[in-house]
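Notes to accompany the following structure.
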Amino acid sequence: IRRVEVATGAVSTLAGSGTSGSADGMGGAAQFGYPCDVAISPEGRALFVADRNNHKIRRVEVATGAVSTLAGSGTSGSADGMGGAAQFGYPCDVAISPEGRALFVADRNNHKIRRVEVA
């Protein structure tokens, strides 16, 4: 996950090792598998990432680069549930509600729009 400073054009890495994988962790210790969309929380503290090939929705703390899995088991499927009990089939887009309490995920291979509650 890269950050571009609008004023200067400077590019830096916020999170991700650059190697495909599925690890939660701090900054460069985290891994993604084809992150394909990002939404930012209304207050700007968190990013939510559709981690397509890992079938997960990930959370990135903007201040620290800490990455955690919000939802998705890592196995392709269509199950509803909390956290790791939920399954996605190549989630590809994510949007956040105006108050920041819910994410809406385009679950590509399941042909669904899914709602994920944000704590």
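Along the sequence shown, residues are numbered consecutively beginning with 1.
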request  = Please lay out, stage by stage, how Leu47 and Ile1 fare under the test side-chain contact (heavy atoms from CB on, under 4.5 Å).
outcome  = CA-CA 10 Å; Leu47 300 176; Ile1 306 298; 3.9 Å; yes
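Counting all heavy atoms, side chain and backbone alike, Ala15 lies closest to Val67 at CB-CG2, 3.6 Å. Looking at every heavy atom in both residues, Ala39 comes nearest to Ala95 through CB-CA, 4.3 Å. Closest approach of Ala50 and Cys92 over heavy atoms only: CB-C, 4.0 Å. Between Arg101 and Glu117, the closest heavy-atom pair is O-OE1, 3.5 Å. Closest non-hydrogen pair, Ala85 versus Ala79, comes out as O-CB, 3.9 Å. Residue Asn54 comes nearest to Phe32 through the heavy atom pair ND2-C, 3.7 Å, listed as atom of the first residue, atom of the second, then distance.
Note on Ile96: it does not cluster hydrophobically with Ile40, by side-chain heavy-atom contacts below 4.5 Å among ILVMFWY residues. The hydrophobic cluster containing Val105 also contains Leu70, counting ILVMFWY residues as joined when their side-chain heavy atoms lie under 4.5 angstrom apart, directly or transitively. With hydrophobic clusters built from ILVMFWY side chains whose heavy atoms lie under 4.5 angstrom apart, Val60 shares a cluster with Val62.
Under a 3.5 Å cut-off, the side chain of Asp51 and the backbone N or O of Ile57 do not form any donor-acceptor pair. A donor-acceptor distance shorter than 3.5 angstrom exists from the side chain of Thr64 to the backbone of Ala66, with no hydrogens or angles considered. A donor-acceptor distance shorter than 3.5 angstrom exists from the side chain of Ser41 to the backbone of Ala46, with no hydrogens or angles considered.
Partners of Asp24 by salt bridge (Lys or Arg N to Asp or Glu O under 4.0 Å), not counting sequence neighbours, listed by chain and number: Arg58. Residues forming a side-chain contact (heavy atoms from CB on, under 4.5 Å) with Thr75 (at least two apart in sequence, or on another chain): Ser73, Gln87.
Of the N and O atoms on the side chains of Ser68 and Arg59, not one donor lies less than 3.5 Å from an acceptor on the other residue.
Sorted by first and then second residue, the ring-ring contact (aromatic ring centres under 6.0 Å, His included) pairs with a member in residues 96-119 form an empty list; sequence neighbours excluded.
In this structure, CZ in Arg52 is found 5.0 Å from OH in Tyr34, a value given to the nearest 0.5 Å.
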